[in-house]
Amino acid sequence: MKQKDPKLGDMPAEDFRRYGYEIVDWIANYFEHIDEFPVLSQVQPGWLKDSQPKSPPESGEDFGDVLKDMDRLILPAVTHWNHPNFHGLFSTSTSSVGVFGEMFAAAFDMKAMLWRTSPASTELEDVVLDWLRQMMNLPDEFEGIIYDTASVSTMHAIAAARDRANLKIRELGMSGRDDLPLLRVYCSEHVHSSIDKAVITLGLGTRSLRKIAVNERFEMIPEALADAIDEDVENGFVPICVVPTIGTTSSTSVDPVDAIADICEKHGIWLHVDAAYAGSAAIVPELQHYFKGCERADSIVTNPHKWLFTPFDLSVLYCRDLDELKRAFSLVPEYLKTSDESTVKNGMDYGIQLGRRFRALKLWFVMRYFGREGLIDRIREHCRLANLFASWVEASPNFEMLAPVPFALVCFRACPSDVDDLDALNERIMNDINASGEAYLSHTKLNGKFTLRLSVGSIRVEEKHLMKVWELLNQAVT
Ligand SMILES: *Cc1c(COP(=O)(O)O)cnc(C)c1O
(Lines give C-alpha, C1' and ligand atoms only; values in the text may rest on other atoms or scores of the structure.)
Protein backbone atom coordinates (compact mmCIF):
# COMPACT_ATOMS: atom_id res chain seq x y z
CA MET A 1 0.00 0.00 0.00
CA LYS A 2 1.20 3.49 -0.80
CA GLN A 3 1.47 6.12 1.88
CA LYS A 4 -1.85 7.97 2.11
CA ASP A 5 -0.82 11.55 1.95
CA PRO A 6 2.84 12.10 1.19
CA LYS A 7 3.75 15.65 2.11
CA LEU A 8 7.01 17.29 2.95
CA GLY A 9 8.17 17.08 6.52
CA ASP A 10 7.85 14.23 9.01
CA MET A 11 5.10 11.72 9.79
CA PRO A 12 2.03 13.56 11.15
CA ALA A 13 1.89 13.68 14.95
CA GLU A 14 -1.36 11.69 15.15
CA ASP A 15 0.20 8.83 13.14
CA PHE A 16 3.28 8.88 15.33
CA ARG A 17 1.08 8.64 18.38
CA ARG A 18 -0.97 5.75 16.99
CA TYR A 19 2.01 3.71 15.78
CA GLY A 20 3.91 4.59 18.95
CA TYR A 21 1.21 3.06 21.15
CA GLU A 22 1.12 0.03 18.86
CA ILE A 23 4.89 -0.40 19.14
CA VAL A 24 4.91 -0.11 22.92
CA ASP A 25 2.16 -2.77 23.03
CA TRP A 26 4.21 -4.93 20.70
CA ILE A 27 7.31 -4.64 22.88
CA ALA A 28 5.31 -5.28 26.08
CA ASN A 29 3.91 -8.48 24.54
CA TYR A 30 7.37 -9.43 23.38
CA PHE A 31 8.81 -9.15 26.89
CA GLU A 32 5.79 -10.97 28.36
CA HIS A 33 6.10 -13.92 26.00
CA ILE A 34 9.84 -13.91 25.45
CA ASP A 35 10.38 -17.47 26.66
CA GLU A 36 8.08 -18.84 23.96
CA PHE A 37 10.60 -17.93 21.25
CA PRO A 38 13.54 -20.14 20.26
CA VAL A 39 16.57 -18.58 21.94
CA LEU A 40 18.75 -18.79 18.83
CA SER A 41 17.22 -17.65 15.57
CA GLN A 42 16.31 -20.70 13.49
CA VAL A 43 16.74 -19.06 10.07
CA GLN A 44 19.50 -19.94 7.62
CA PRO A 45 22.13 -17.36 6.58
CA GLY A 46 20.78 -15.17 3.77
CA TRP A 47 17.13 -15.79 4.68
CA LEU A 48 16.36 -12.17 5.53
CA LYS A 49 18.47 -10.70 2.75
CA ASP A 50 16.71 -12.85 0.16
CA SER A 51 13.33 -11.59 1.36
CA GLN A 52 14.17 -7.99 0.51
CA PRO A 53 13.84 -6.19 -2.84
CA LYS A 54 17.17 -5.58 -4.54
CA SER A 55 16.48 -1.87 -5.03
CA PRO A 56 15.31 0.79 -2.57
CA PRO A 57 11.61 1.70 -2.29
CA GLU A 58 10.75 4.37 -4.85
CA SER A 59 7.81 5.95 -3.06
CA GLY A 60 6.97 5.96 0.63
CA GLU A 61 5.08 2.99 2.06
CA ASP A 62 2.31 2.91 4.60
CA PHE A 63 4.04 2.52 7.95
CA GLY A 64 1.43 -0.01 9.09
CA ASP A 65 2.70 -2.30 6.32
CA VAL A 66 6.28 -1.78 7.40
CA LEU A 67 5.35 -2.72 10.98
CA LYS A 68 3.72 -5.96 9.82
CA ASP A 69 7.13 -7.03 8.59
CA MET A 70 8.49 -6.91 12.13
CA ASP A 71 6.56 -10.13 12.86
CA ARG A 72 6.97 -11.65 9.43
CA LEU A 73 10.61 -10.89 8.64
CA ILE A 74 12.54 -9.42 11.54
CA LEU A 75 11.36 -11.51 14.49
CA PRO A 76 12.29 -14.91 12.97
CA ALA A 77 15.81 -13.58 12.37
CA VAL A 78 16.27 -12.36 15.95
CA THR A 79 18.42 -14.23 18.43
CA HIS A 80 16.75 -13.38 21.72
CA TRP A 81 19.40 -12.02 24.05
CA ASN A 82 16.58 -11.13 26.47
CA HIS A 83 15.43 -14.76 26.68
CA PRO A 84 15.89 -16.10 30.22
CA ASN A 85 17.50 -19.24 28.75
CA PHE A 86 20.16 -17.27 26.88
CA HIS A 87 23.19 -18.61 28.79
CA GLY A 88 25.84 -18.33 26.08
CA LEU A 89 28.72 -15.84 25.97
CA PHE A 90 27.58 -13.53 28.73
CA SER A 91 23.86 -13.45 29.37
CA THR A 92 22.98 -9.78 29.03
CA SER A 93 19.55 -8.24 28.86
CA THR A 94 17.71 -4.97 28.95
CA SER A 95 15.14 -3.78 31.41
CA SER A 96 11.99 -2.09 30.16
CA VAL A 97 13.08 1.28 31.53
CA GLY A 98 16.28 0.90 29.52
CA VAL A 99 14.13 0.76 26.39
CA PHE A 100 12.41 3.98 27.47
CA GLY A 101 15.84 5.58 27.79
CA GLU A 102 16.63 4.67 24.19
CA MET A 103 13.30 6.11 23.03
CA PHE A 104 13.97 9.49 24.59
CA ALA A 105 17.60 9.53 23.44
CA ALA A 106 16.48 8.89 19.86
CA ALA A 107 13.81 11.57 20.13
CA PHE A 108 16.26 14.24 21.35
CA ASP A 109 18.90 13.08 18.86
CA MET A 110 21.52 15.13 20.69
CA LYS A 111 25.16 14.92 19.77
CA ALA A 112 27.11 15.36 22.97
CA MET A 113 30.25 16.94 21.62
CA LEU A 114 30.22 20.23 23.49
CA TRP A 115 28.46 21.05 26.74
CA ARG A 116 26.35 23.64 24.89
CA THR A 117 25.19 21.18 22.22
CA SER A 118 23.98 18.83 24.96
CA PRO A 119 23.96 20.10 28.54
CA ALA A 120 21.61 17.32 29.70
CA SER A 121 23.74 14.54 28.26
CA THR A 122 27.01 16.03 29.47
CA GLU A 123 25.85 16.67 33.02
CA LEU A 124 23.74 13.55 33.46
CA GLU A 125 26.75 11.49 32.35
CA ASP A 126 28.78 12.97 35.23
CA VAL A 127 25.92 12.34 37.65
CA VAL A 128 25.24 8.69 36.80
CA LEU A 129 28.93 7.87 36.58
CA ASP A 130 29.53 9.36 40.00
CA TRP A 131 26.61 7.34 41.39
CA LEU A 132 27.96 4.18 39.80
CA ARG A 133 31.46 4.96 41.09
CA GLN A 134 30.08 5.17 44.63
CA MET A 135 28.13 1.95 44.18
CA MET A 136 31.28 0.21 42.94
CA ASN A 137 33.21 1.52 45.94
CA LEU A 138 35.82 3.29 43.79
CA PRO A 139 37.71 6.28 45.25
CA ASP A 140 36.43 9.86 44.77
CA GLU A 141 39.13 10.87 42.33
CA PHE A 142 37.92 8.43 39.69
CA GLU A 143 36.01 10.18 36.93
CA GLY A 144 34.30 8.40 34.09
CA ILE A 145 33.43 8.76 30.46
CA ILE A 146 30.88 6.73 28.50
CA TYR A 147 31.80 4.98 25.27
CA ASP A 148 29.95 2.41 23.22
CA THR A 149 31.86 -0.74 24.13
CA ALA A 150 34.64 -2.07 26.36
CA SER A 151 36.77 -2.58 23.26
CA VAL A 152 36.68 1.16 22.64
CA SER A 153 37.11 2.03 26.34
CA THR A 154 40.23 -0.13 26.55
CA MET A 155 41.65 1.27 23.32
CA HIS A 156 41.36 4.77 24.78
CA ALA A 157 42.98 3.69 28.06
CA ILE A 158 45.96 2.17 26.26
CA ALA A 159 46.23 5.29 24.09
CA ALA A 160 46.48 7.39 27.25
CA ALA A 161 49.07 4.95 28.63
CA ARG A 162 51.05 5.29 25.40
CA ASP A 163 50.93 9.07 25.75
CA ARG A 164 52.22 8.91 29.30
CA ALA A 165 55.41 7.25 28.01
CA ASN A 166 56.46 10.70 26.64
CA LEU A 167 57.62 9.49 23.27
CA LYS A 168 55.90 12.27 21.30
CA ILE A 169 53.74 9.72 19.51
CA ARG A 170 50.83 12.16 19.38
CA GLU A 171 52.88 14.54 17.21
CA LEU A 172 55.39 12.28 15.47
CA GLY A 173 53.46 9.02 15.21
CA MET A 174 55.24 5.68 15.20
CA SER A 175 56.13 5.15 11.56
CA GLY A 176 59.40 6.24 10.00
CA ARG A 177 61.09 6.57 13.39
CA ASP A 178 64.19 4.70 14.45
CA ASP A 179 64.29 6.27 17.91
CA LEU A 180 61.32 4.28 19.25
CA PRO A 181 61.98 1.26 21.45
CA LEU A 182 59.54 -1.66 21.49
CA LEU A 183 56.60 -0.69 23.70
CA ARG A 184 55.01 -3.42 25.78
CA VAL A 185 51.51 -4.09 27.05
CA TYR A 186 50.96 -7.01 29.43
CA CYS A 187 47.93 -9.14 30.09
CA SER A 188 47.17 -12.77 30.92
CA GLU A 189 46.74 -15.60 28.44
CA HIS A 190 43.01 -15.38 29.14
CA VAL A 191 42.60 -11.77 28.13
CA HIS A 192 39.74 -10.65 25.91
CA SER A 193 40.59 -10.19 22.23
CA SER A 194 39.75 -6.49 22.53
CA ILE A 195 43.20 -5.92 24.05
CA ASP A 196 44.82 -7.50 20.98
CA LYS A 197 42.65 -5.30 18.77
CA ALA A 198 43.60 -2.19 20.76
CA VAL A 199 47.34 -2.74 20.23
CA ILE A 200 46.68 -3.41 16.54
CA THR A 201 44.63 -0.20 16.20
CA LEU A 202 47.12 1.94 18.10
CA GLY A 203 50.00 0.92 15.85
CA LEU A 204 51.77 -0.93 18.66
CA GLY A 205 51.29 -4.23 16.86
CA THR A 206 50.57 -7.64 18.35
CA ARG A 207 54.33 -7.99 18.96
CA SER A 208 53.92 -5.46 21.75
CA LEU A 209 51.41 -7.58 23.65
CA ARG A 210 53.05 -9.96 26.09
CA LYS A 211 50.75 -12.60 27.53
CA ILE A 212 51.58 -13.78 31.04
CA ALA A 213 51.00 -17.31 32.31
CA VAL A 214 48.10 -18.15 34.62
CA ASN A 215 47.78 -20.49 37.60
CA GLU A 216 45.42 -23.46 37.94
CA ARG A 217 42.56 -21.06 38.69
CA PHE A 218 43.28 -19.18 35.43
CA GLU A 219 44.60 -16.10 37.29
CA MET A 220 47.62 -14.12 36.10
CA ILE A 221 50.76 -15.08 38.06
CA PRO A 222 52.20 -11.79 39.39
CA GLU A 223 55.75 -13.22 39.74
CA ALA A 224 55.66 -14.15 36.05
CA LEU A 225 54.56 -10.60 35.23
CA ALA A 226 57.39 -9.10 37.32
CA ASP A 227 59.94 -11.36 35.60
CA ALA A 228 58.63 -10.48 32.14
CA ILE A 229 58.83 -6.75 32.87
CA ASP A 230 62.37 -7.04 34.28
CA GLU A 231 63.45 -8.99 31.23
CA ASP A 232 61.88 -6.44 28.86
CA VAL A 233 63.46 -3.48 30.66
CA GLU A 234 66.85 -5.19 30.47
CA ASN A 235 66.33 -5.51 26.73
CA GLY A 236 65.61 -1.81 26.42
CA PHE A 237 61.86 -2.22 25.85
CA VAL A 238 59.40 0.20 27.42
CA PRO A 239 56.50 -1.26 29.46
CA ILE A 240 53.53 1.10 29.09
CA CYS A 241 50.49 -0.74 30.38
CA VAL A 242 49.34 -3.83 32.29
CA VAL A 243 45.78 -5.06 31.74
CA PRO A 244 44.56 -7.46 34.44
CA THR A 245 41.02 -8.78 34.09
CA ILE A 246 38.42 -9.15 36.82
CA GLY A 247 36.05 -11.72 35.33
CA THR A 248 37.82 -13.11 32.28
CA THR A 249 35.68 -13.97 29.29
CA SER A 250 36.56 -17.65 29.31
CA SER A 251 35.98 -18.53 32.96
CA THR A 252 35.43 -15.21 34.88
CA SER A 253 38.72 -15.75 36.72
CA VAL A 254 40.07 -12.81 38.71
CA ASP A 255 43.62 -11.58 38.19
CA PRO A 256 45.28 -10.44 41.46
CA VAL A 257 45.01 -6.70 40.84
CA ASP A 258 46.51 -5.66 44.17
CA ALA A 259 49.74 -7.61 43.60
CA ILE A 260 49.83 -6.39 40.00
CA ALA A 261 49.39 -2.80 41.23
CA ASP A 262 52.58 -3.20 43.32
CA ILE A 263 54.49 -4.08 40.17
CA CYS A 264 52.97 -1.24 38.14
CA GLU A 265 53.74 1.24 40.91
CA LYS A 266 57.37 0.15 41.08
CA HIS A 267 57.83 0.76 37.34
CA GLY A 268 55.41 3.65 36.84
CA ILE A 269 53.30 1.60 34.43
CA TRP A 270 49.66 2.41 33.62
CA LEU A 271 47.32 -0.10 35.26
CA HIS A 272 44.12 -0.67 33.28
CA VAL A 273 41.60 -3.11 34.78
CA ASP A 274 39.23 -4.90 32.40
CA ALA A 275 36.06 -5.52 34.42
CA ALA A 276 33.76 -5.25 31.40
CA TYR A 277 31.59 -8.13 32.59
CA ALA A 278 32.19 -8.38 36.34
CA GLY A 279 32.35 -4.66 37.13
CA SER A 280 28.61 -4.64 37.84
CA ALA A 281 29.22 -7.17 40.64
CA ALA A 282 31.37 -4.58 42.44
CA ILE A 283 28.13 -3.02 43.68
CA VAL A 284 27.42 -6.13 45.79
CA PRO A 285 29.13 -5.71 49.19
CA GLU A 286 30.09 -9.38 49.64
CA LEU A 287 31.67 -9.48 46.16
CA GLN A 288 33.76 -6.32 46.58
CA HIS A 289 36.77 -8.32 47.79
CA TYR A 290 37.31 -9.49 44.20
CA PHE A 291 38.00 -5.88 43.25
CA LYS A 292 40.78 -5.26 45.76
CA GLY A 293 43.48 -3.20 44.11
CA CYS A 294 41.14 -1.47 41.65
CA GLU A 295 41.38 1.64 43.82
CA ARG A 296 45.05 1.80 42.78
CA ALA A 297 44.38 1.50 39.04
CA ASP A 298 44.84 4.29 36.51
CA SER A 299 41.73 3.18 34.66
CA ILE A 300 39.01 0.57 34.85
CA VAL A 301 36.36 -0.41 32.33
CA THR A 302 32.92 -1.76 33.19
CA ASN A 303 29.95 -2.39 30.89
CA PRO A 304 26.53 -1.59 32.37
CA HIS A 305 25.20 -3.04 29.10
CA LYS A 306 26.45 -6.44 30.23
CA TRP A 307 25.11 -6.99 33.71
CA LEU A 308 23.32 -3.84 34.80
CA PHE A 309 20.14 -4.25 32.72
CA THR A 310 20.98 -1.33 30.46
CA PRO A 311 20.44 -1.87 26.73
CA PHE A 312 23.46 -2.12 24.47
CA ASP A 313 25.49 0.01 24.19
CA LEU A 314 26.98 1.63 27.26
CA SER A 315 30.50 1.09 28.48
CA VAL A 316 32.18 3.19 31.18
CA LEU A 317 35.86 4.02 31.42
CA TYR A 318 36.88 5.35 34.83
CA CYS A 319 40.21 7.16 35.04
CA ARG A 320 42.10 8.24 38.13
CA ASP A 321 43.06 11.40 36.22
CA LEU A 322 40.71 12.05 33.34
CA ASP A 323 42.99 14.87 32.19
CA GLU A 324 45.48 12.27 30.99
CA LEU A 325 42.85 11.02 28.60
CA LYS A 326 42.12 14.58 27.58
CA ARG A 327 45.79 15.27 26.85
CA ALA A 328 45.83 12.25 24.57
CA PHE A 329 42.70 13.20 22.60
CA SER A 330 41.75 16.85 22.95
CA LEU A 331 41.91 18.78 19.72
CA VAL A 332 39.66 21.78 19.29
CA PRO A 333 39.24 23.12 15.77
CA GLU A 334 38.21 26.75 15.30
CA TYR A 335 34.59 25.93 14.46
CA LEU A 336 34.14 24.15 17.81
CA LYS A 337 35.75 26.78 20.02
CA THR A 338 33.30 28.22 22.53
CA SER A 339 33.47 30.84 25.24
CA ASP A 340 32.49 28.32 27.95
CA GLU A 341 35.43 25.99 27.27
CA SER A 342 37.31 26.50 30.52
CA THR A 343 34.29 26.09 32.79
CA VAL A 344 32.53 23.06 31.30
CA LYS A 345 33.28 19.52 30.23
CA ASN A 346 33.11 18.86 26.51
CA GLY A 347 32.69 15.15 25.78
CA MET A 348 34.54 15.36 22.47
CA ASP A 349 37.81 16.04 24.37
CA TYR A 350 37.98 12.50 25.74
CA GLY A 351 38.08 10.29 22.70
CA ILE A 352 38.06 9.89 18.95
CA GLN A 353 34.32 10.49 18.54
CA LEU A 354 33.04 14.00 18.03
CA GLY A 355 29.29 13.49 18.47
CA ARG A 356 28.30 11.12 21.25
CA ARG A 357 24.92 9.52 21.97
CA PHE A 358 22.85 10.43 25.03
CA ARG A 359 23.59 7.11 26.72
CA ALA A 360 23.53 8.36 30.31
CA LEU A 361 19.75 8.71 30.23
CA LYS A 362 19.01 4.97 30.09
CA LEU A 363 21.42 4.29 32.96
CA TRP A 364 19.79 7.10 34.96
CA PHE A 365 16.41 5.43 34.39
CA VAL A 366 17.78 2.03 35.43
CA MET A 367 19.44 3.37 38.59
CA ARG A 368 16.40 5.37 39.65
CA TYR A 369 13.86 2.66 38.87
CA PHE A 370 15.66 -0.24 40.60
CA GLY A 371 17.75 1.68 43.10
CA ARG A 372 21.03 0.39 44.45
CA GLU A 373 19.17 -2.23 46.48
CA GLY A 374 17.21 -3.54 43.53
CA LEU A 375 20.32 -3.85 41.39
CA ILE A 376 22.27 -5.59 44.17
CA ASP A 377 19.38 -8.03 44.77
CA ARG A 378 19.26 -9.02 41.11
CA ILE A 379 23.01 -9.58 40.72
CA ARG A 380 23.11 -11.44 44.04
CA GLU A 381 20.28 -13.71 42.85
CA HIS A 382 22.16 -14.47 39.59
CA CYS A 383 25.20 -15.50 41.63
CA ARG A 384 23.00 -17.66 43.85
CA LEU A 385 21.44 -19.36 40.81
CA ALA A 386 24.85 -19.99 39.21
CA ASN A 387 26.13 -21.53 42.42
CA LEU A 388 22.98 -23.63 42.72
CA PHE A 389 23.53 -24.95 39.20
CA ALA A 390 27.17 -25.64 40.08
CA SER A 391 25.99 -27.67 43.10
CA TRP A 392 23.85 -29.84 40.79
CA VAL A 393 26.89 -30.39 38.56
CA GLU A 394 29.04 -31.30 41.54
CA ALA A 395 26.50 -33.76 42.90
CA SER A 396 26.09 -35.56 39.57
CA PRO A 397 28.25 -38.54 38.56
CA ASN A 398 27.78 -37.58 34.90
CA PHE A 399 29.09 -33.99 35.09
CA GLU A 400 32.07 -32.13 36.51
CA MET A 401 33.07 -28.54 37.22
CA LEU A 402 36.06 -27.16 35.32
CA ALA A 403 36.54 -23.74 37.00
CA PRO A 404 35.58 -21.89 40.19
CA VAL A 405 32.42 -19.72 40.17
CA PRO A 406 33.33 -16.28 41.54
CA PHE A 407 30.37 -14.57 39.86
CA ALA A 408 27.54 -16.09 37.79
CA LEU A 409 29.24 -18.18 35.11
CA VAL A 410 29.46 -21.97 35.42
CA CYS A 411 32.21 -23.80 33.47
CA PHE A 412 31.56 -27.54 33.39
CA ARG A 413 31.29 -30.58 31.16
CA ALA A 414 29.57 -33.89 30.86
CA CYS A 415 31.86 -36.77 31.83
CA PRO A 416 29.91 -40.06 31.82
CA SER A 417 32.28 -42.94 32.61
CA ASP A 418 31.40 -44.91 29.46
CA VAL A 419 32.47 -42.22 26.94
CA ASP A 420 36.10 -41.80 25.78
CA ASP A 421 35.95 -38.69 23.61
CA LEU A 422 34.53 -36.16 26.04
CA ASP A 423 35.34 -33.18 23.80
CA ALA A 424 33.21 -34.61 20.99
CA LEU A 425 30.42 -35.52 23.41
CA ASN A 426 30.23 -32.05 24.96
CA GLU A 427 30.37 -30.32 21.61
CA ARG A 428 27.50 -32.49 20.40
CA ILE A 429 25.46 -31.81 23.53
CA MET A 430 25.96 -28.06 23.15
CA ASN A 431 25.06 -28.07 19.45
CA ASP A 432 21.95 -30.18 20.05
CA ILE A 433 20.66 -27.95 22.84
CA ASN A 434 21.36 -24.81 20.82
CA ALA A 435 19.65 -26.21 17.72
CA SER A 436 16.56 -27.10 19.78
CA GLY A 437 15.97 -23.41 20.51
CA GLU A 438 15.25 -24.33 24.15
CA ALA A 439 18.40 -22.75 25.54
CA TYR A 440 21.68 -21.31 24.37
CA LEU A 441 25.03 -22.38 25.82
CA SER A 442 28.48 -21.52 24.54
CA HIS A 443 31.88 -23.05 25.13
CA THR A 444 35.52 -22.38 25.82
CA LYS A 445 38.67 -24.48 26.15
CA LEU A 446 40.11 -24.79 29.65
CA ASN A 447 43.32 -26.82 30.10
CA GLY A 448 42.70 -28.22 26.62
CA LYS A 449 39.22 -29.49 27.56
CA PHE A 450 36.05 -28.56 25.67
CA THR A 451 34.15 -26.68 28.37
CA LEU A 452 30.47 -25.76 28.46
CA ARG A 453 29.73 -22.24 29.71
CA LEU A 454 26.44 -21.37 31.38
CA SER A 455 26.06 -17.67 32.13
CA VAL A 456 23.27 -16.43 34.40
CA GLY A 457 22.52 -12.74 33.91
CA SER A 458 19.11 -12.12 32.40
CA ILE A 459 16.80 -9.80 34.28
CA ARG A 460 14.08 -12.40 33.54
CA VAL A 461 15.90 -15.55 34.68
CA GLU A 462 14.41 -17.71 37.43
CA GLU A 463 15.31 -21.02 39.02
CA LYS A 464 12.88 -22.87 36.69
CA HIS A 465 14.94 -21.77 33.68
CA LEU A 466 18.08 -23.34 35.11
CA MET A 467 16.12 -26.49 35.96
CA LYS A 468 15.11 -26.68 32.30
CA VAL A 469 18.75 -26.53 31.13
CA TRP A 470 19.75 -29.12 33.70
CA GLU A 471 17.00 -31.41 32.41
CA LEU A 472 18.13 -30.95 28.80
CA LEU A 473 21.72 -31.73 29.76
CA ASN A 474 20.75 -34.85 31.67
CA GLN A 475 18.58 -36.08 28.80
CA ALA A 476 21.56 -35.58 26.49
CA VAL A 477 23.91 -37.84 28.47
CA THR A 478 21.53 -40.70 29.08
C1 LIG B 1 32.60 -8.50 26.91
C2 LIG B 1 33.99 -8.21 27.27
C3 LIG B 1 34.77 -7.30 26.53
C4 LIG B 1 34.28 -6.65 25.27
O5 LIG B 1 33.10 -5.98 25.42
P6 LIG B 1 32.48 -5.03 24.28
O7 LIG B 1 31.75 -4.01 25.06
O8 LIG B 1 31.61 -5.89 23.45
O9 LIG B 1 33.62 -4.46 23.50
C10 LIG B 1 36.05 -7.04 26.97
N11 LIG B 1 36.55 -7.62 28.07
C12 LIG B 1 35.85 -8.51 28.81
C13 LIG B 1 36.46 -9.13 30.02
C14 LIG B 1 34.55 -8.83 28.43
O15 LIG B 1 33.85 -9.71 29.16
Side-chain angles (χ1 to χ4, degrees), residues 79 81 86-94 98 132 136 144-159 185-202 209 211-212 214 218-220 241-257 260 271-282 287 290-291 294 297 299-318 351-353 356-357 359 362-363 379 382 386 403 405-411 442-444 446 451 453-458:
T79 283
W81 285 73
F86 187 112
H87 303 293
L89 314 172
F90 282 118
S91 166
T92 69
S93 61
T94 183
L132 182 62
M136 292 175 69
I145 183 93
I146 296 178
Y147 297 116
D148 51 1
T149 57
S151 306
V152 168
S153 295
T154 290
M155 198 248 347
H156 282 89
I158 299 178
V185 176
Y186 306 83
C187 57
S188 93
E189 292 164 343
H190 281 249
V191 80
H192 188 269
S193 56
S194 56
I195 321 300
D196 303 64
K197 284 202 181 175
V199 299
I200 293 169
T201 309
L202 291 168
L209 191 59
K211 296 195 175 170
I212 307 298
V214 296
F218 314 109
E219 302 157 347
M220 192 195 293
C241 190
V242 180
V243 187
T245 308
I246 299 183
T248 55
T249 313
S250 230
S251 70
T252 67
S253 61
V254 178
D255 289 334
V257 174
I260 291 168
L271 173 59
H272 172 64
V273 179
D274 182 356
Y277 158 71
S280 300
L287 297 177
Y290 288 119
F291 297 84
C294 279
S299 57
I300 168 167
V301 58
T302 179
N303 278 0
H305 73 224
K306 268 208 170 130
W307 201 9
L308 216 59
F309 320 117
T310 305
F312 191 77
D313 48 11
L314 199 167
S315 174
V316 180
L317 179 69
Y318 283 110
I352 53 170
Q353 268 185 279
R356 307 168 60 253
R357 299 181 64 228
R359 294 191 181 89
K362 55 190 173 184
L363 186 54
I379 291 177
H382 294 165
V405 184
F407 303 107
L409 176 79
V410 188
C411 292
S442 64
H443 80 283
T444 185
L446 293 177
T451 305
R453 290 171 76 269
L454 175 126
S455 164
V456 184
S458 170

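In each ligand, atom 1 is the first atom listed, and ligand 1 is the first ligand listed. Positions are given from 1, in the same order as the sequence printed here.
Under the 3.5 Å distance criterion, with hydrogens and angles disregarded, a donor-acceptor pair is assigned to the side chains of T154 and H272. Counting only N and O atoms by type, the side chains of H190 and S188 include no donor and acceptor under 3.5 Å apart. S91 and S458 share no side-chain donor-acceptor pair at under 3.5 Å.
The immediate protein surroundings of ligand 1, defined as residues with any heavy atom under 4.0 Å of it, consist of F90, T149, A150, S151, H192, S194, T245, G247, T249, D274, A276, Y277, N303, H305, K306.
Looking only at distances, no side-chain donor or acceptor of R453 sits under 3.5 Å from a matching main-chain atom of S251. Although no hydrogens or angles enter the test, the distance criterion places a donor-acceptor pair under 3.5 Å between the side chain of T248 and the main chain of S253.
Residues passing the salt bridge (charged side-chain N to carboxylate O under 4.0 Å, His left out) test with R359 are D313, sequence neighbours excluded.
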